[in-house]
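Worksheet for the structure shown next.
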Number of protein chains: 2
Amino acid sequence: MNKADQIIQEIGERPTAVRTAVLGVLLNAGSALAHPEVLERLKNLGEFDRVTVYRVLEWLVIHGLAHKVAGTGRACRFQATHPDTTHRHAHFQCRECGKICCLTEIEPKLTNLPEHFTVESIELNIKGVCDDCGRHIPR
Amino acid sequence: MNKADQIIQEIGERPTAVRTAVLGVLLNAGSALAHPEVLERLKNLGEFDRVTVYRVLEWLVIHGLAHKVAGTGRACRFQATHPDTTHRHAHFQCRECGKICCLTEIEPKLTNLPEHFTVESIELNIKGVCDDCGRHIPR
DNA sequence: TCAGATTTTGCAACATAGTTGCATAAACTA
DNA sequence: TAGTTTATGCAACTATGTTGCAAAATCTGA
Ligand SMILES: [Mn+2]
Ligand SMILES: [Mn+2]
Ligand SMILES: [Zn+2]
Ligand SMILES: [Zn+2]
């Protein structure tokens, strides 16, 4: 049995073909993927409907198996959640290659927040140039 | 001469009817507005084309007269930049009423960032329940 | 194992948010 | 005010999702 299947069964949900395939794609990706990228990579594994893939991605988020990151542009990106990392962390998106990666080391500190506001979630997105893209530009 | 006109002339750009009107709407708004909300409020001031309004909103951002905030949902929201606030600050969006406001007091601290990444911008979006919506819910 | 109940999928249509090309209109400059 | 530059309006197009619904897959209890 493959890893994706196993993860889905562990949480007591139905490991269908699409769920297993989509989670597998996310697990193999090094960074967060947008819907078209997921679809593209699924082509190697069979025929999958785009609407179903949208639904499965949301399903993965609801069940905590993936998280959703808003990058540049209008499309959300999805990344498999590693069991050992907390969900609350910052993300970095490279202006050059567009890749998004988790910055699990950074804990956004919230001081000075008006006390009458109830905080439910925090999103910290940092944009710039990543290591790979930066090393080719002379400094 | 109205405020919006004056601001546009101060930066040496053409104060056209649409620019003046759109900036005026943003200046009068208490929070960040999405494109349809801007269009709606413009109806009191005349007939404006939606594409032109999109272009003017981007123009305002480029010229530093407004800033763009990504809230819940896919639409960006725009808010007039107050001359006395720095552009780098956090935003709070209420889950109940959807309003977005600037949290100019909060400075996102970036420690632990991998040193080979070049940071160009930081976006800190906090979601929860605002004062107005929270006070009606018994605690 | 299998009938019935529940959930998931695929397809078509719809929705929302924004962009592009281009001809016309407005604003600026000399 | 003539010529040049810039902004606008309109139509068509793109990107990113969402919804309704019938068919297929999956599960459950007898
Ligand atoms: Mn992450
Ligand atoms: Mn702000
Ligand atoms: Zn890069
Ligand atoms: Zn509120």
Side-chain angles (χ1 to χ4, degrees), chain A residues 1 4-5 8-25 32-43 45-63 65-66 68-78 93 98 100, chain B residues 1 4-25 32-43 45-63 65-79 93 98 100:
Chain A
M1 186 196 300
D5 243 316
I8 294 170
Q9 289 202 335
E10 265 167 17
I11 63 165
E13 295 291 331
R14 297 187 184 178
T16 67
V18 199
R19 287 174 184 173
T20 301
V22 172
L23 180 54
V25 164
L33 302 184
H35 177 266
E37 297 161 337
V38 174
L39 263 193
E40 185 56 39
R41 296 179 189 210
L42 282 175
K43 281 192 186 146
L45 306 167
E47 288 247 324
F48 299 95
D49 181 66
R50 57 178 219 101
V51 175
T52 304
V53 171
Y54 273 118
R55 292 199 265 229
V56 165
L57 287 168
E58 290 300 337
W59 183 90
L60 290 172
V61 171
I62 288 169
H63 290 81
L65 305 184
K68 203 177 184 174
V69 191
T72 319
R74 280 171 307 298
C76 312
R77 290 159 165 269
F78 297 84
Q93 180 168 33
I100 292 184
Chain B
M1 186 196 301
D5 243 316
Q6 188 188 331
I7 292 174
I8 294 170
Q9 290 202 336
E10 267 167 15
I11 62 165
E13 295 290 333
R14 295 187 184 178
T16 67
V18 199
R19 287 174 184 172
T20 301
V22 172
L23 181 53
V25 164
L33 303 182
H35 178 266
E37 296 162 337
V38 174
L39 263 193
E40 185 57 38
R41 298 181 188 208
L42 283 174
K43 280 193 188 144
L45 307 167
E47 288 248 324
F48 298 96
D49 182 67
R50 57 177 220 103
V51 175
T52 305
V53 171
Y54 272 119
R55 292 200 264 230
V56 165
L57 287 168
E58 290 299 337
W59 183 90
L60 290 171
V61 172
I62 287 169
H63 290 82
L65 304 184
H67 58 277
K68 205 177 184 172
V69 191
T72 318
R74 280 173 308 298
C76 313
R77 290 159 165 269
F78 297 85
Q79 183 156 36
Q93 181 170 33
I100 291 185

With A:Ala70, which residues qualify under side chain to side chain contact (heavy atoms under 4.5 Å, CB included), at least two apart?
A:Glu123
Please enumerate all residues that pass side-chain hydrogen bond (donor to acceptor under 3.5 Å, both in side chains) together with A:Glu13, with sequence neighbours excluded.
none
Rounded off to whole Å, could you give me the OH-to-C1' distance for the B:Tyr54 and D:dA7 pair?
19 Å
Measure from NZ on A:Lys68 to C1' on D:dT16 and round the result to the nearest Å.
11 Å
Bend of the helix from C:dT1-D:dA30 to C:dA30-D:dT1 from end-axis comparison, five pairs per end, nearest 10°, comes to 30°
B:His67 ring center near B:Phe78 ring center (under 6.0 Å)
no
Using the salt bridge (Lys or Arg N to Asp or Glu O under 4.0 Å) rule, collect all pairs that involve residues 46-61 of chain A, keeping only residues at least two apart or in two chains.
A:Glu58-A:Lys68
Heavy-atom protein contacts under 4.0 Å, nucleotides 3-16 of chain C, coded B base, S sugar-phosphate only, - none
----SSSBBBB---
Check the distance between D:dT26's P and A:Asp5's CG and give it to me in whole angstrom.
11 Å
My understanding is that only residues two or more places apart in sequence, or in another chain, count here; which of them pass salt bridge (charged side-chain N to carboxylate O under 4.0 Å, His left out) with A:Glu10?
none
Side chain to side chain contact (heavy atoms under 4.5 Å, CB included) filter on B:Ala75, not counting sequence neighbours, yields B:Ala34
Can you name the residues that form a salt bridge (charged side-chain N to carboxylate O under 4.0 Å, His left out) with A:Arg19, not counting sequence neighbours?
none
